[in-house]
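Labels below follow one simple rule: chain letters A, B, ... track the order of the sequence lines, proteins then strands, and each chain is numbered from 1. As the structure is a computational prediction, the values presented were derived from the model and not from experiment.
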Amino acid sequence: VTATRTIGASRAWTLEISADLFALRRVRRFAERIAHALDLDPTAAYQLKIALNEAASNAVVHGCRRSSDRVRMRAVADAEELAVEVVDPGGRFRRGAPAADPLGPGGRGTILLEATTDRVGVELAPGRTTVRFVKRLRSGPSAVA
Amino acid sequence: MPIEGGAQEQVADQPQIVELVGESDVATSNDLREHLEAIAGGTDPRVVVDLCSAEFIDSSTLGVLAVASKRFGAERFAIVCPPGEVRMMFELTALERVVPLYETRAEALAAFPSSPPPGGPGKFEP
């Protein structure tokens with residue numbers, strides 16, 4: 001399920017996938033569509049794809065228990081920024097363990113999410129985990145600091 | 001191997017080459033891990049993972065490559081990844097400092113000693 005609509009001066013995109021590892025490629029195509037619509041430069045476009053893929057992977061792997069579970073994504077852009085929400089039904093976001101071993105198996109999803117976005121937040125509620133991240137679309141004074 | 005378009009080659013006295021083509025993510029990283037484990041347990045436990053034709057790799061793929069780098073050990077494992085978007089994944093996670101990365105397959109192969117170092121790889125899982 002995917003949709004695009006315009007709300008006032010902002011634009012919104014939504015995608016819903018099943019709890020299926022093979023649905024993640026659709027998430028990356030979704031990220032590419034948003035980047036194209038927003039005319040992001042190639043680096044920002046790739047960063048958006050990395051961030052959405054990692055957030056959605058985490059949601060499918062750790063946030064879904066049944067194959068009937070769904071992961072919902074919503075992105076809203078205004079002139080200043082793109083805000084993305086990834087919602088899963090698990091209520092158990094797994095933040096990667098601090099990388100004590102630089103060659104350890106895990107912990108890089110969170111690192112990548114933080115490295116490719118301007119803000120990341122996680123909201124845990126019973127039966128609902130929401131990962132939100134923001135990418136600035138215009139470099140304002142805060143981007144310089 | 002069941003990795004999208006994955007290919008494997010072996011030339012006598014050279015490490016095995018595992019090529020990742022297209023997109024690698026949590027749907028494929030388990031296959032990659034099992035494949036590398038099989039090479040590590042084989043008679044010539046040396047491998048070059050070639051990412052020249054990879055379009056995207058995710059954190060789970062990075063995790064498999066990091067663990068493999070540790071398990072195979074020095075002079076038995078190399079990654080080929082030219083500058084670009086895929087290389088960015090190693091840079092963002094600081095893995096570029098701890099895994100043997102080369103820009104071309106020729107450079108990676110040149111870094112292997114002419115005969116395999118003695119001993120075998122360690123365990124994949126800690």
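Contacts of F133(A) classified as ring-ring contact (aromatic ring centres under 6.0 Å, His included), with partners at least two apart in sequence or in another chain: none.
Using a 4.5 Å cut-off between side-chain heavy atoms of Ile, Leu, Val, Met, Phe, Trp and Tyr, with links allowed through other members, L62(B) and Y46(A) fall into the same hydrophobic cluster. L101(B) and L20(B) fall within a single hydrophobic cluster, where Ile, Leu, Val, Met, Phe, Trp and Tyr are joined by side-chain heavy atoms under 4.5 Å apart, directly or via other members. When hydrophobic clusters are built by joining Ile, Leu, Val, Met, Phe, Trp and Tyr residues whose side-chain heavy atoms come closer than 4.5 Å, directly or via intermediates, L95(B) is grouped together with F77(B). Under the 4.5 Å side-chain heavy-atom criterion for Ile, Leu, Val, Met, Phe, Trp and Tyr, V98(B) and L51(B) are members of the same hydrophobic cluster. Linking Ile, Leu, Val, Met, Phe, Trp and Tyr residues whenever their side-chain heavy atoms come within less than 4.5 Å leaves V71(A) and F22(A) in two separate clusters.
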Practice item. Mind running side-chain contact (heavy atoms from CB on, under 4.5 Å) on V99(B) and L103(A) for me, showing each step along the way? Key: CA-CA 8 Å; V99(B) 296; L103(A) 291 175; 3.7 Å; yes
Review point. Do I111(A) and L92(B) pass the side-chain contact (heavy atoms from CB on, under 4.5 Å) test, and can you show the C-alpha distance, the side-chain angles, and the key distance before you say yes or no?
Key: CA-CA 8 Å; I111(A) 292 170; L92(B) 291 171; 5.8 Å; no
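For the pair G104(A) and A66(B), the tightest heavy-atom approach, listed with the atom from each and the gap, is O-CB, 3.8 Å. When all heavy atoms are compared, the tightest approach of E85(B) to P42(A) is OE2-O, 4.0 Å. What you find for S59(B) and G109(A) is that their closest heavy atoms are CB-N, 3.6 Å.
Among V60(A), N53(A), T116(A), the residue making the largest number of heavy-atom pairs under 4.5 Å with chain B is N53(A).
Residue E54(A) holds its CD atom at 9.5 Å from CG of D25(B), rounded to the nearest 0.5 Å. In this structure, R28(A) CZ and E23(B) CD are separated by 4.0 Å, a value rounded to the nearest 0.5 Å.
Two residues are said to be in side-chain contact when any heavy atoms from C-beta on lie closer than 4.5 Å; T93(B) and L112(A) meet this criterion. Between M88(B) and Q47(A) the shortest side-chain heavy-atom distance falls below 4.5 Å. Using a 4.5 Å heavy-atom cutoff, the side chains of V26(B) and L24(A) are in contact.
By the 6.0 Å contact criterion, CZ on R29(A) is enclosed, its count of non-hydrogen atoms from other residues, nucleotides or ligands being greater than 12.
Contact of L65(B) with chain A is not made at all, since no heavy-atom distance falls under 4.5 Å.
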